[in-house]
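Here's the structure we're looking at; comments come further down.
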Amino acid sequence: MTETTNQPTQAAGTTARAYGAPAADAPLHALEIPRRTIGAGDIRIDIRFCGICHSDIHFARGEWGDIPYPAVPGHEITGVVAEVGADVTGFAPGDRVGVGCMVNSCRECSSCQGGTEQYCLAGNTQTYGSVDRDGTVTYGGYSDHVVVDQDFVLRIPDGLELDVAAPLLCAGITTYSPLRHWGAGPGKQIAVVGLGGLGHMAVKLAKAMGAEVTVLSQSLRKQEDGLRLGADGYHATSDDATFEALAGRFDLIINTVSAPIDIGRFLNLVKTDGALVNVGAPPEPLPVPVFSLLMQRRTFAGSAIGSIAETQEMLDFCAEHGIAAEIELVGAEQINDAWERVLDSDVRYRFVIDTATL
Ligand code: NAP
Ligand code: ZN
Ligand code: ZN
């Protein structure tokens, strides 16, 4: 009798244990996802930790637009190299590595050629919810392993533990990049709006760059933490006196808030020629009163993550300055609760998933 089993003609990749949302309004649960066969330039990473970014929630809940389900979020990934493709030279099994928000880009446009591939004109390939080069949808780091092109893999410096390093891959670089771009340093007054995952990294990084840092939080509930993290000042935005006392004070304000805020009120806290940079990504438009811009030649700008080279620079900067995230480690069963706490502004200051629990 002839054997009639269909044998695949090429290796079919691997199956990863993961946690994801089956629909916009459903809790996350355990599931399995495919990972592509490792290509010549690819690295297979055993994921150890993955941070929970507020973007994971915006995305999986469909707030930024329709997405394919199941949605497996996670773009603050750290782990260990398990296997490398034939053309991989810079990494070897056992290396401690990280993956952030993007896993590929076109490599040909002016942004990619100019070293700002996060602004790839063709749109970079996001770690989750993008169409990958093999036509499949990318799944993020709430999973036990991932296959990533070597050019988008970061090196975690010695001295940075993998759990507290994970949030640097998004929260770290997203705040580091605008701080550098807008010249944070000695003599500069920087305000950080929102003391959550991004906000607490912005405080630590701006302080390490030598700037004077002020937190603008909804209340004084987290004041002690903010000062411990390095802030020189801490004010409640629920108090109108804050906006009078700090008028025209800041060279740079980084707004990390995940919801719409009254941009005009915050613009009035910016000095002549200063900037308010939005990294928070609420789906709703933010109305901008133009007189708050033109009267003091202020800038209202945005910024998205950072390039791979800048992300490596940020990781090295953090290792050099002894900076990492303040985390609460959670198991798979706690992810839904952690999301609720993020939505309640009750995160201190980043939830990180121990992927051994998946
Ligand atoms: P998070 O941990 O939830 O922190 C956001 C903070 O904003 C909260 O802790 C809270 O701080 C404040 N906040 C929340 N709701 C508010 C409201 N209604 N009014 C005023 N303040 C409020 O979130 P995250 O992970 O840091 O992310 C923040 C935002 O950045 C999200 O929209 C995310 O999608 C976006 N993001 C953008 C990029 C990028 O490349 N641009 C990258 C990563 C994330 P207080 O309690 O101190 O007020
Ligand atoms: Zn993120
Ligand atoms: Zn490009």
Side-chain angles (χ1 to χ4, degrees), residues 50-61 63-64 73-77 99-102 104-128 140-141 166-178 192-203 215-223 225-226 229 231 234-238 254-263 265-266 277-284 286 301-307 311 325-328 338-351:
C50 184
I52 293 178
C53 178
H54 204 120
S55 299
D56 300 348
I57 304 175
H58 290 307
F59 162 79
R61 294 295 168 237
E63 293 172 15
W64 287 339
H75 57 205
E76 294 185 335
I77 299 169
V99 178
C101 299
M102 58 180 169
N104 213 341
S105 68
C106 87
R107 323 230 180 175
E108 287 165 2
C109 73
S110 54
S111 294
C112 287
Q113 293 280 323
T116 51
E117 64 279 358
Q118 73 274 32
Y119 301 122
C120 174
L121 299 179
N124 68 60
T125 306
Q126 298 273 293
T127 303
Y128 54 77
L168 302 178
L169 277 304
C170 175
I173 184 58
T174 300
T175 49
Y176 181 90
S177 185
V192 175
V193 190
L195 193 67
L198 267 58
H200 96 290
M201 286 312 309
V203 170
V215 173
L216 303 176
S217 181
Q218 293 167 94
S219 70
L220 296 179
R221 198 161 52 100
K222 296 178 275 189
Q223 182 172 26
D225 288 349
L229 294 169
Y234 200 105
H235 297 264
T237 55
S238 54
I254 306 276
N255 173 24
T256 75
V257 176
S258 48
I261 59 169
D262 183 345
I263 287 298
R265 286 190 102 190
F266 288 87
V277 179
N278 222 87
V279 291
E284 302 88 353
L286 294 175
S303 184
I305 52 171
S307 70
T311 305
E326 309 272 309
I327 69 161
E328 195 172 321
W339 277 29
E340 289 307 317
R341 285 183 53 195
V342 171
L343 290 170
D344 290 343
S345 300
D346 183 29
V347 51
R348 299 192 182 205
Y349 282 87
R350 201 56 143 183
F351 290 106

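One-based numbering, in listed order, for ligands and for the atoms of each.
Tyr119 and Asn124 are not linked by any side-chain donor-acceptor pair at a separation below 3.5 angstrom, with hydrogens and angles left out of the test.
In this structure, SG on Cys112 lies 8.5 Å from CG on Asn104, to the nearest 0.5 angstrom. Expressed to the nearest 0.5 Å, how far CG of Asp346 lies from CD of Glu340 amounts to 11.0 Å. Atom-to-atom distance recorded for Asp56:CG and Cys50:SG is 6.5 Å, nearest 0.5 angstrom. In this structure, Ser303 OG and Ile173 CD1 are separated by 8.5 Å, a value rounded to the nearest 0.5 Å. Separating the CD1 atom in Ile57 from the CD1 atom in Ile52 is a distance of 7.5 Å, to the nearest 0.5 Å.
For residue His54, no N/O/S atom approaches the Zn ion (ligand 2) to within less than 2.8 Å.
Looking at atom 37 (C) of ligand 1, its nearest protein heavy atom turns out to be Val279 O, 2.8 Å. Summary of contacts: the protein heavy atom closest to atom 2 (O) of ligand 1 is Gly197 N, 2.8 Å. Nearest protein heavy-atom neighbour of atom 17 (C) of ligand 1: Gln218 OE1, 3.7 Å. Among protein heavy atoms, atom 43 (C) of ligand 1 sits closest to Cys170 SG, 3.2 Å. Protein heavy atom closest to atom 9 (O) of ligand 1, with residue, atom name and distance, is Gly196 CA, 3.4 Å. In this structure, the protein non-hydrogen atom closest to atom 30 (O) of ligand 1 is Gly280 CA, 3.3 Å. Ranking protein heavy atoms by distance to atom 5 (C) of ligand 1, first place goes to Thr256 O, 3.9 Å. Among protein heavy atoms, the minimum distance from atom 39 (C) of ligand 1 is reached at Thr174 CG2, 3.4 Å.
Here's the thing with Ile305: one of its N/O atoms is less than 3.5 angstrom from an N/O atom of ligand 1. By the 3.5 Å distance cut-off applied to N or O atoms, Ser217 is counted among the residues near ligand 1. Between His58 and ligand 1, a contact under 3.5 Å exists for at least one N or O pair. The shortest N/O to N/O separation between Leu195 and ligand 1 falls below 3.5 Å. Polar contact check, Val257 against ligand 1: no nitrogen or oxygen pair lies under 3.5 Å apart.
Considering only heavy atoms from C-beta on, Gln218 stays 4.5 Å or farther from Ser238 through its side chain. Side-chain atoms of Leu195 and Val203, non-hydrogen and from C-beta on, do get closer than 4.5 Å to each other. Ile327 is not listed as a side-chain neighbour of Phe351, based on a closest heavy-atom distance of 4.5 Å or more. Counting heavy atoms from C-beta outward, Ile263 and Asn278 have side chains that approach closer than 4.5 Å. No side-chain heavy atom of Val192 sits less than 4.5 Å from a side-chain heavy atom of Leu216.
Considering the Zn ion (ligand 3) as centre, the angle to SG of Cys106 and to SG of Cys120 is 100° (10° rounding). Rounded to 10°, the angle formed at the Zn ion (ligand 2) by SG of Cys170 and SG of Cys53 is 130°.
Remark: ligand 1 atoms within the under-4.0 Å shell around heavy atoms of Val342 are 3 (O). Taking every non-hydrogen atom of Ser345 and a distance limit under 4.0 Å, the qualifying atoms of ligand 1 come out as 8 (C), 10 (C), 13 (N), 14 (C), 15 (N), 46 (O). Applying the 4.0 Å criterion to heavy atoms of Lys222 picks out, from ligand 1, the atoms 9 (O), 11 (O), 45 (P), 46 (O), 47 (O). Within ligand 1, counting atoms from 1 as listed, the ones closer than 4.0 Å to a heavy atom of Ser55 are 33 (C), 34 (O), 35 (C), 36 (N), 43 (C), 44 (C). Every atom of ligand 1 with a heavy atom of Ala259 under 4.0 Å away is listed here by number and element: 17 (C), 18 (N). Residue contact check: His54 has heavy atoms under 4.0 Å from atoms 1 (P), 3 (O), 23 (O), 24 (P), 25 (O), 27 (O), 31 (C) of ligand 1. Interface atoms of ligand 1 facing Trp64, defined by a heavy-atom separation under 4.0 Å, are 34 (O). Interface atoms of ligand 1 facing Leu198, defined by a heavy-atom separation under 4.0 Å, are 24 (P), 25 (O), 26 (O), 27 (O), 30 (O), 36 (N), 43 (C), 44 (C).
Side-chain N or O atoms of Ser105 include none that pairs as donor or acceptor with a backbone N or O of Cys120 at under 3.5 Å. Listed for the Ser219 side chain is a donor-acceptor partner under 3.5 Å among the backbone atoms of Arg221. The backbone N or O of Gly280 sits nowhere less than 3.5 Å from a side-chain atom of Ser258 that would complete a donor-acceptor pair.
Here the options are Glu326, Glu76, Glu328, the test is side chain to side chain contact (heavy atoms under 4.5 Å, CB included), and the partner is Arg350; only Glu76 passes.
Using a 4.0 angstrom heavy-atom cutoff, Arg350 counts as in contact with ligand 1. At a 4.0 Å cut-off, not a single heavy atom of Ala171 sits close enough to ligand 1 to count as contact.
The aromatic rings of His75 and Tyr128 sit parallel to each other, their planes meeting at less than 30°, with 60° as the upper class boundary.
At a heavy-atom distance under 4.0 Å, no atom of Cys101 approaches ligand 1.
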